[in-house]
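First the structure, in the form of structure tokens, and then the observations on it.
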Protein chains: 2
Amino acid sequence: MTKILQRNLYREVADRIGDLIEHGELAPGERISEKQLCDRFGVSRTPLREALKVLATEGLIELLPNRGARVVRLTLKNVKDTYDLMAALEGLSGELACQHISDAEIAAIRQLHNTMLVHYRNRDLMPYFQVNRQIHESILAASNNDVLQEMYSNLSQRVKRVRYSKQMTERYWSQAVKDHENMMAALEKRDSQLLGQILRDHLCNKIEVATLAGVIDTEDDKSVANS
Amino acid sequence: MTKILQRNLYREVADRIGDLIEHGELAPGERISEKQLCDRFGVSRTPLREALKVLATEGLIELLPNRGARVVRLTLKNVKDTYDLMAALEGLSGELACQHISDAEIAAIRQLHNTMLVHYRNRDLMPYFQVNRQIHESILAASNNDVLQEMYSNLSQRVKRVRYSKQMTERYWSQAVKDHENMMAALEKRDSQLLGQILRDHLCNKIEVATLAGVIDTEDDKSVANS
DNA sequence: AAAAGTAATTATGAATTCAATATTCCTTTG
DNA sequence: CAAAGGAATATTGAATTCATAATTACTTTT
């Protein structure tokens, strides 16, 4: 375990704890022990506690007065709510992108799109998802709206640990690719309204929610055995 | 000045500092002195610094390594970006509200709407804005999406200190009222798509941005004399 | 033996202390 | 007199210490 010795310690610690949560080393509902994390990162309680406060406002953990912190348990509703929001933000990013994007940026996205199609034809799931993500990120960047990007990235962070890409059925996959064909067309026409609509309806998110339905606990607030 | 002696001290302090920023007692770009605020609130630096970290992640202040914190200077672009985002969120809140709202809730909003019309006919600007806000908040609540409400409230907080309602021209005002008529109709038909569209396009926000064009500084990052 | 109450331990909340960085003010030099 | 350098001061970053609340373990009682 590499000790931390960087400045802006609290932010570094927060990111590291975020990673632990994302990778499941800190389980949902698990009690977070300050002392344990202090030892692990080699920092004192002051920056660690600052990190906990920040993570709480970012929605990754929750603070229980006088009883420490624990990892937020994602409920199905919570994830659904978050994805609805992300879809709306993607829609906005599409609208704005059409208004700001340069020919060169469109060309770059077209490149990514073509690459993605190759991965689709080869049924290479992971590369497909990676390029897919790059496309959405490019559109988000082209929106030229910093606040939007910040919010999206926060929401994305919250649900990262339950994002699955495995159980993609052939039917959903082909539909997603069709969506992307329409997206490219709308983008190249710079049809703001249309691209916004497509992205809002893009079923990518809905697939994931459907997939998750079986995975996440429906309970809201039961406490759980800790480490 | 009432001293603070409550539990969850950092959150209380953060709220209080937020109030100071909102009311302009801490000016945009102004350097925030830890010691000064500690004395003012009667707390030690530990909870105060936790509060600063939280306010930074909430976007109200920015942290400069080894150089303390200062109040975020809102640029016109920043406010525009935020309002674009808020419009998208309002649109989503409308869509979702149509899917979840009860007859009783619709009736309550209709009540508010009628009250608002009275204030409009009497040209009572402040009461008009207050009821107007209540209507939008009711729709947001009816969306039944906690994450959405949290995000919206954060964005709202960020731009609160520059929200003006004064320079409302007759022409814009009548248009806003027409928008609200259409909103009520869409809501009572539970026409999700339509209400979403209306709310996204509702020019309320755009008016405010236009109004602000002259008020906010265009400079991005110049430092400013401190207290 | 089970439950309740109490002491001991542990963890959290907040203040203080120590260290490092930045700022201010004064001196010195061209 | 202006500019540069350096000491003194003030401010921030982080660790430690102190206080208080919660948890655990143990004892006592029924």
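Below, all heavy atoms of this structure are taken into account, side chains as well, without hydrogens, waters or symmetry copies. Residue numbers begin at 1 in each chain, while the letters A, B, ... track the order of the sequences.
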[atom1] of [X] versus [atom2] of [N]: gap in Å, rounded?
X	N	atom1	atom2	result
A:Lys35	C:dG13	NZ	P	17 Å
B:Tyr10	C:dT12	OH	P	15 Å
B:Asn66	C:dT21	CG	C1'	5 Å
B:Asn8	C:dT12	CG	C1'	12 Å
B:Leu37	D:dT11	CG	P	12 Å
B:Leu9	D:dA21	CG	C1'	15 Å
B:Leu52	D:dA14	CG	P	14 Å
B:Glu50	C:dG13	CD	C1'	8 Å

Within the side chain of [X], is there an N or O that forms a donor-acceptor pair under 3.5 Å with the backbone of [Y]?
X	Y	value
B:Ser156	B:Ser153	no
B:Arg70	B:Glu62	no
B:Arg31	B:Arg67	yes
B:Asn145	B:Leu148	yes

Exercise. Which word best sums up how the rings of B:His202 and B:His180 line up, parallel for under 30°, tilted for 30 to 60°, or perpendicular for over 60°?
Worked result: perpendicular
Exercise. Looking across every strand, which nucleic acid part, if any, lies under 4.0 Å from B:Leu63 by heavy atom: base, sugar-phosphate, or nothing?
Worked result: nothing
Exercise. Hey, does B:Leu48 reach any base, or is it just sugar-phosphate, or nothing, if we go heavy atoms under 4.0 Å?
Worked result: nothing
Consider the side chain of [X], meaning its heavy atoms from C-beta on, and name the nucleotide among [options] that approaches it most closely.
X	options	answer
A:Ser44	C:dG13, C:dA22, D:dA14	D:dA14
B:Pro47	C:dA14, D:dA21, C:dT21	C:dA14
A:Arg31	C:dG13, C:dT12, C:dA14	C:dT12

Problem set entry | Heavy-atom donor-acceptor pair, B:Arg45 side-chain to D:dG13 base, under 3.5 Å | yes
Exercise. According to a strict under-4.0 Å criterion, is A:Arg67 in side-chain N/O contact with OP1 or OP2 of C:dA11?
Worked result: no
Seminar exercise, completed: Between B:Glu34 and B:Thr46, whichever has its closest DNA chain D nucleotide further toward 5' is B:Glu34
